[in-house]
Number of protein chains: 2
Amino acid sequence: MESNEVGKRIPTSFMMTRSYASGNRFPAGSHDCNNRMLLKVPELEAFEEELSVTASTLSEVAKLAGVSPATASRVLNGSTRTPAPEIAERVRQAADTLGYIANAQAQALAKSSTGLIGLIVHDIADPYFSAIAQGVQAAARQERRMVLLATTNGTPAEEKDAVVAFAARRAESIVIAGSRSTRSEDAHANTELAAELDRYCRNGGQVGVVGKPILGVAETDNYCTITVPNEQLARDLAQELAHTHKGPFVIVAGPEGLATSDERVVGFQRGLSDAGQPAADVVHVPFNRNGGFDAGIELAWRIKASDQSALEQRLCIFATNDVMAIGVAAALRDRGLRVPHDASLAGFDDIEWLRDFRPALSTVHLPLEEIGRLATLGSSNERKAGEEPGPLSPVTGKVMLRRSTETPHSARG
Amino acid sequence: MESNEVGKRIPTSFMMTRSYASGNRFPAGSHDCNNRMLLKVPELEAFEEELSVTASTLSEVAKLAGVSPATASRVLNGSTRTPAPEIAERVRQAADTLGYIANAQAQALAKSSTGLIGLIVHDIADPYFSAIAQGVQAAARQERRMVLLATTNGTPAEEKDAVVAFAARRAESIVIAGSRSTRSEDAHANTELAAELDRYCRNGGQVGVVGKPILGVAETDNYCTITVPNEQLARDLAQELAHTHKGPFVIVAGPEGLATSDERVVGFQRGLSDAGQPAADVVHVPFNRNGGFDAGIELAWRIKASDQSALEQRLCIFATNDVMAIGVAAALRDRGLRVPHDASLAGFDDIEWLRDFRPALSTVHLPLEEIGRLATLGSSNERKAGEEPGPLSPVTGKVMLRRSTETPHSARG
DNA sequence: TGTCTTATGGAAAGCGCTTACCAGATGGGA
DNA sequence: TCCCATCTGGTAAGCGCTTTCCATAAGACA
């Protein structure tokens, strides 16, 4: 195929000018200051189909409809001004013929509103986060926005990267879920995250945080926190458990410095103390199923070493989240111990898919999906007129005592 | 506050010209052909902070660095041309001072490449999908792209909407997971979905489908299917089960017309027939936990009505996915029946978080995360040079026989 | 019939970038 | 010393839209 160098200087001959664009990739466009390429007529047929290779543009539609791009825009993409019905129909027709799909990027640039909302989670495969994601997604749909997803493994550095990426994409709001780390080795990354978030807010971005506010971010109107009363709930849980459980308590917690876990530990201890019980031992392990499993192995050892017939020696294990609790349960089972027969076990979160787990796990119910929804809505511009900027409708949880913490009727044997 | 009507006709007085943009929302910009607004000096201080309200632009950086935007672009956003080190440094410095973050929308428009990948799932809270999402996310990160998420509840109509939305955003590829529906009431929506997908492909978009190719989409190079050998695997499973199980089989399937489920049903039946067993009864329920539960209630009834001491009457239940199997298990337990004591139970997918479920569920392992990764990579332009365009590295599953299908040693009682 | 207001379509600027092309500078070889 | 190839930064066009402003047409009213 003979193709001339592209250039506006080349005089248009009888050859047809054709839309070329960058190869045939989707987001088409070329940057020859003149993106028309010249092809010889004989070759034309072969490329007939490629003609449509470039997504059609508003002006193409306009041209086909015989109107100006302004008019086409007005009819196709809602505006205060509504062109005459007859014209509108023609435009719509043209758009249909061409299979026109507005370029959201261009619209975003022109209107400076992207309809994007960024979601940052530790791990989308974790049921805790996927439940929240569900809520975010639902809220986003309701507001006709799209969600951009980023997973970070819980490292502040990656969270920062995600914030930057979202900021670059001009997401209108960012929802960030997942416990903050207060560990010293994360301090630097945390500061950077805060700075980035802060800048994002100052630039008008809205952010919704699930859990603790991120340290160092100015609490502006665009900064909304969905506070989960972890401490209070853990305290409630401990108190309720202390009611029936007479033996020692052990807490299987996440790494020290993981805010959510820490809060739950503190609350639980406080609850014990309220009930006149001695403080619980705390084991720190990774904040996931395997962490729980490892802790469970340890504890199994301890349980076996104790006098298993003495009710006052029976252990009550509190894992700071459900997934860890499951790990603990698996480990105990693996070691031939039974819950609640040989030990009580409680978790936190009330992950939905655990409802069929047996023994049914005592835990603290958190309305995860609702939390996601609130964080999204809270970080939405919709929430402007006449609402307090503070933590909107605080999330409430509920202690759920189930089988896993029932005290066996008789002494164990 | 006194503010004049904006307009270029207003002569600049001693008043300061200030960047205003649309409110103080992030993706700033205004369309007064002149987006400078005039504020009286006294009011100025109050808005001092807002000055930075508009994210800074490349030209601002360029100006500050005393270079042209072209140069700034070249140093900041990688190009073949690298300006002199001294200049580059100055630009970087300026960018830093201004807290410049490139506007990805604008870049996308100019470069016509968005780095976006769209993911369509039925339900992100479903562990099956969240596992796939995990893989997609991982692959996306690897290719430095971002994922846009859409959930559809499995309805083709919403899937179509999602495709359109992604096309509008000029996502470079779309990964679509979740069973296709072949039900007649979905036929229309399916056609539309196919048409949309087809157009998307023709426009150069890449699509990766998990499971069955979508009917009616031309199989072009940009269309990649990650085929899951559902039928074969279900067949394998049936054969293995038939080895030890002597009683009747029942299949708890999703709605008729759900491709994935249908395939598994067909495969299972074939496996039974291979093994010389009569075909299984099929119960159709929703393709989720509750569907399984309902079916389980039914089956419990049937089990109880049968002679529970006769091994030849013992039921083996195959649920076409793990989540349904869990529902069945829950229902049986609810009715006082035990697995595998009173019936065998098998699922499909090998959802990760079921590993701690007891009795351990026999199932077919599918590398879900890998599937997500493959679908993403497969629909990536990276996969261009010298690779077959067909279904790349077919996914392989594996039958996992576990406790839930063990035949009790003695007759039941 | 003439003037004024109100609708309506179009021209064009601009959103924030990238990049083809250009012009000026620099250096090497003849 | 002159010419040419090479390098570098800048200029400006253009990505695909939206929206302001303008011109014109159409009524409204006196």
Side-chain angles (χ1 to χ4, degrees), chain A residues 5-9 19 21-22 27-36 54-62 65-88 90-91 100-114 168 170, chain B residues 5-9 19 21-22 27-36 54-62 65-88 90-91 100-114 168 170:
Chain A
E5 266 302 294
V6 180
K8 59 175 90 168
R9 295 154 305 161
S19 172
S22 48
S30 119
H31 295 280
D32 319 359
C33 288
N34 162 354
N35 77 339
R36 302 286 142 179
T54 258
S56 48
T57 70
L58 223 215
S59 9
E60 282 169 33
V61 173
V67 300
S68 76
T71 304
S73 168
R74 291 199 262 255
V75 16
L76 258 19
N77 308 309
S79 142
T80 40
R81 306 226 348 220
T82 323
E86 187 260 346
I87 289 198
R90 230 168 52 221
V91 172
Y100 171 73
I101 296 185
N103 182 329
Q105 312 275 344
Q107 293 191 119
L109 192 55
K111 294 202 291 196
S112 51
S113 94
T114 59
R170 300 302 188 259
Chain B
E5 268 301 295
V6 181
K8 59 174 91 168
R9 296 153 306 161
S19 170
S22 47
S30 120
H31 294 280
D32 322 355
C33 289
N34 161 354
N35 77 341
R36 303 285 144 178
T54 259
S56 50
T57 70
L58 222 215
S59 9
E60 282 169 34
V61 172
V67 300
S68 77
T71 304
S73 170
R74 291 199 262 253
V75 13
L76 258 18
N77 310 309
S79 143
T80 39
R81 309 227 345 221
T82 321
E86 187 260 345
I87 291 198
R90 228 165 57 219
V91 171
Y100 171 73
I101 297 186
N103 183 330
Q105 312 275 344
Q107 292 190 119
L109 192 55
K111 294 202 291 196
S112 51
S113 95
T114 60
R170 299 302 188 262

How many Å lie between [atom1] on [X] and [atom2] on [N], as a whole number?
X: A:L58; N: D:dG14; atom1: CG; atom2: P; answer: 18 Å
X: A:R81; N: D:dC17; atom1: CZ; atom2: C1'; answer: 17 Å
X: A:K111; N: D:dG16; atom1: NZ; atom2: P; answer: 17 Å
X: B:L109; N: C:dT18; atom1: CG; atom2: P; answer: 11 Å
X: A:E86; N: C:dA7; atom1: CD; atom2: P; answer: 20 Å
X: B:E60; N: C:dG16; atom1: CD; atom2: P; answer: 8 Å
X: B:Q107; N: D:dG14; atom1: CD; atom2: P; answer: 21 Å
X: A:L76; N: D:dT18; atom1: CG; atom2: C1'; answer: 13 Å

Which heavy atom in [X] sits nearest to a heavy atom in [Y], and how many Å separate them?
X: B:R90; Y: B:A65; result: NE-O, 3.0 Å
X: B:V91; Y: B:A72; result: CG1-CA, 3.9 Å
X: A:Y100; Y: A:L58; result: CE1-N, 3.4 Å

For this session: Using five pairs at either end of the helix from C:dT1-D:dA30 to C:dA30-D:dT1, determine the angle between the two local helix axes and round it to 10 degrees.
Result: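 About 50°, once rounded to a multiple of 10°.
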Exercise. Considering only heavy atoms, which members of residues 66-75 of chain A lie under 4.0 Å from some atom of DNA chain C?
Worked result: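 A:V67, A:S68, A:A70, A:T71, A:R74, in order of number.
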Exercise. Out of C:dC17, D:dT18, D:dG9, which nucleotide sits closest to the side chain of A:R170?
Worked result: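 Among the listed nucleotides, the one closest to the side chain of A:R170 is C:dC17.
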What I'd like to find out is whether the side chain of [X] reaches to under 4.5 Å of the side chain of [Y], using heavy atoms alone.
X: B:V75; Y: B:V67; answer: no
X: B:I101; Y: A:R170; answer: yes
X: A:R74; Y: A:T82; answer: no

Exercise. Counting N and O atoms only, with roles assigned by atom type, does the side chain of B:T57 sit under 3.5 Å from a partner on the main chain of B:E60, one being a donor and the other an acceptor?
Worked result: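 Yes.
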Problem set entry | Under 3.5 Å: donor-acceptor pair, side chain of A:S68, backbone of A:T71 |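 Between the backbone of A:T71 and the side chain of A:S68 there is a qualifying donor-acceptor contact (under 3.5 Å).
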Problem set entry | Phosphate OP1/OP2 of C:dC17: any B:N77 side-chain N/O under 4.0 Å |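 B:N77 to C:dC17 OP1/OP2: no side-chain N or O under 4.0 Å.
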Problem set entry | Nearest-0.5 Å distance that lies between atom CD in A:Q105 and atom NZ in B:K111 |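 Answer for the CD-NZ pair, A:Q105 versus B:K111, is 12.0 Å.
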